[in-house]
Amino acid sequence: MAMVKYFYIVLHMSYNASHSVSVAAAEDDKVVGGYECPRHSVPYQVSLNAGYHFCGGSLISSQWVVSAAHCYKSRIQVRLGEHNIAVNEGTEQWIDGVKMIKHPQYNSYNLDNDIMLIKLSRPATLNSYVQTVALPSRCPQADESCMVSGWGNTSANGNNFPDRLQCLRQPIIDDRICRNAYSHLFTENMVCSGFMHGGASSCQGDSGGPLVCNGQLQGVVSWGYDCAMQGHPSVYARVCRYNSWISSTMSNN
């Protein structure tokens, strides 16, 4: 199976012969089989930038962003209010991250606990272009309709990175089906979403981005096999398992 670089809206991890999952420096991003989001319809979506877009994230308070632990860098600029990341549209807020806090049990081998909090150097200004998304009040349910978004790769078989934010509506997949697809890697801290027949998913460059169901952040783009591959849906960090860690980390920092 081909090695895949990830940082995506679509979760993608490279899978090698020893059954380990490796995540390369994310320089690719996009949702496969999606559509351009209506401008500023995803006001909680952020772009993580290190001189280039490398991951997504979600604004959960005026000063905190949730992303994936595998997106960690020592220096990150959080870009809010973005739609076309190639041009200045006048709606952007660019704020440096001052604390990047990976989950203490993050496992880079299988991407268990693939979640990270980023504290902004100053609070974002909330307006019609920049808004927070709610943390989950419950865990996601099978077949629940959700939306993933990001600037990741839009091509399952090549490289096509969009400047404009892409969206994709997709259902939560039953944990039993996901466990069968990834028996050696799937944990209770993960949730699958997408289409078992393939053709659409998050991909490289989408990593760290939001999976939102009924207005609540239920997933963080984490990994998968080659984007939009039949029988192998995208895997997300299951945010409902981290509410207490998120609240305690924010209050302690």
Side-chain angles (χ1 to χ4, degrees), residues 6-9 11 23-29 42-82 85 91-108 111-127 129-136 148-152 165 189 202 204-212 216-223 236-253:
Y6 288 38
F7 276 127
Y8 33 103
I9 209 177
L11 318 182
V23 179
E27 293 168 345
D28 340 45
D29 349 26
V42 193
Y44 51 81
Q45 171 87 47
V46 309
S47 166
L48 302 187
N49 191 285
Y52 53 91
H53 166 83
F54 67 91
C55 272
S58 304
L59 189 70
I60 58 167
S61 80
S62 62
Q63 207 162 356
W64 288 91
V65 165
V66 170
S67 187
H70 81 256
C71 291
Y72 175 86
K73 291 183 186 292
S74 59
R75 300 184 71 176
I76 292 174
Q77 184 183 71
V78 177
R79 299 190 167 187
L80 310 98
E82 292 277 13
I85 56 174
T91 58
E92 301 89 349
Q93 298 178 46
W94 293 2
I95 306 176
D96 289 337
V98 288
K99 290 187 178 181
M100 278 63 75
I101 305 170
K102 292 184 286 188
H103 192 277
Q105 273 79 57
Y106 169 60
N107 183 334
S108 60
L111 294 200
D112 198 19
N113 300 301
D114 188 16
I115 191 167
M116 170 175 69
L117 282 168
I118 301 170
K119 184 178 184 181
L120 305 181
S121 61
R122 59 179 170 80
T125 300
L126 302 184
N127 54 34
Y129 310 109
V130 176
Q131 289 288 330
T132 59
V133 63
L135 291 173
V148 62
S149 51
W151 290 273
L165 186 65
N189 299 313
S202 47
Q204 302 101 295
D206 289 330
S207 289
L211 178 72
V212 171
Q216 299 183 351
L217 181 66
Q218 293 286 7
V220 172
V221 176
S222 180
W223 62 274
Y236 300 73
R238 186 184 291 260
V239 179
C240 65
R241 293 186 60 84
Y242 300 103
N243 279 347
S244 59
W245 175 74
I246 291 171
S247 60
S248 64
T249 300
M250 290 167 60
S251 62
N252 292 335
N253 289 276

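No side-chain heavy atom of V98 sits less than 4.5 Å from a side-chain heavy atom of L120. Between Q45 and S58, the closest side-chain pair of non-hydrogen atoms is not below 4.5 Å. Within the 4.5 Å cutoff, no side-chain heavy atoms of L117 are placed close to those of V65. Taking the side chain as every heavy atom from C-beta outward, Y106 and M116 never approach each other to under 4.5 Å. The side-chain heavy atoms of Q204 and F54, taken from C-beta on, include no pair separated by under 4.5 Å. Residues Q93 and N127 form a side-chain contact, since some pair of their non-hydrogen atoms from C-beta on lies under 4.5 Å apart.
Residues passing the salt bridge (Lys or Arg N to Asp or Glu O under 4.0 Å) test with R241 are E188, sequence neighbours excluded. Taking the side chain to side chain donor-acceptor pair (under 3.5 Å) definition, one finds that D96 meets it with nothing, sequence neighbours left out. Applying the ring pair (Phe, Tyr, Trp, His ring centres under 6.0 Å) test to Y129 and every residue at least two apart in sequence or in another chain returns H40. Every residue two or more places apart in sequence or in another chain that forms a side chain to side chain donor-acceptor pair (under 3.5 Å) with Y242 is listed here: N113. Taking P136 as the reference, Q216, Q218, V239, C240, N243 meet the side-chain contact (heavy atoms from CB on, under 4.5 Å) condition, with sequence neighbours excluded.
Just one of V220, N189, V221 meets the side chain to side chain contact (heavy atoms under 4.5 Å, CB included) condition when paired with Y236; it is V221. The side chain to side chain contact (heavy atoms under 4.5 Å, CB included) with D114 is formed by just one residue from the set H103, K102, H70, R238; it is H70. For the side chain to side chain contact (heavy atoms under 4.5 Å, CB included) test with V42, the passing option among V148, V133, L165 is L165; the others fail.
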inquiry  = If you apply the rule side chain to side chain contact (heavy atoms under 4.5 Å, CB included), what do you find for Y44 with V212, and how did you get there?
reply    = CA-CA 10 Å; Y44 51 81; V212 171; 3.4 Å; yes
query = Can you check side chain to side chain contact (heavy atoms under 4.5 Å, CB included) on I95 and R122, steps first, answer last?
reply = CA-CA 7 Å; I95 306 176; R122 59 179 170 80; 3.6 Å; yes
request  = Mind running side chain to side chain contact (heavy atoms under 4.5 Å, CB included) on I101 and W64 for me, showing each step along the way?
outcome  = CA-CA 11 Å; I101 305 170; W64 288 91; 4.1 Å; yes
ask   = Taking it one step at a time, do V78 and L48 satisfy side chain to side chain contact (heavy atoms under 4.5 Å, CB included)?
value = CA-CA 5 Å; V78 177; L48 302 187; 3.9 Å; yes
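Formation of a donor-acceptor pair under 3.5 Å by the S67 side chain with backbone atoms of G56 is found in this model. In this structure a side-chain-to-backbone donor-acceptor pair under 3.5 Å is missing from D112 to N107. Between the side chain of T91 and the backbone N or O of G81, at least one donor-acceptor pair lies under 3.5 Å.
Separation of atoms CE (M250) and NZ (K119) is listed at 9.5 Å; rounding is to 0.5 Å. Note that the CH2 atom of W94 and the OG atom of S47 stand 9.0 Å from one another [nearest 0.5 Å]. Put simply, CG on L126 and OG1 on T132 are 6.0 Å apart, with the number rounded to the nearest 0.5 Å.
Residues M100 and S74 share a closest heavy-atom pair of CE-O, 3.2 Å. Heavy-atom minimum distance, K73 versus A50: CD-CB, 3.8 Å.
Screening residues 244-253 for side-chain hydrogen bond (donor to acceptor under 3.5 Å, both in side chains), with sequence neighbours left out, gives K99-N253, W245-T249.
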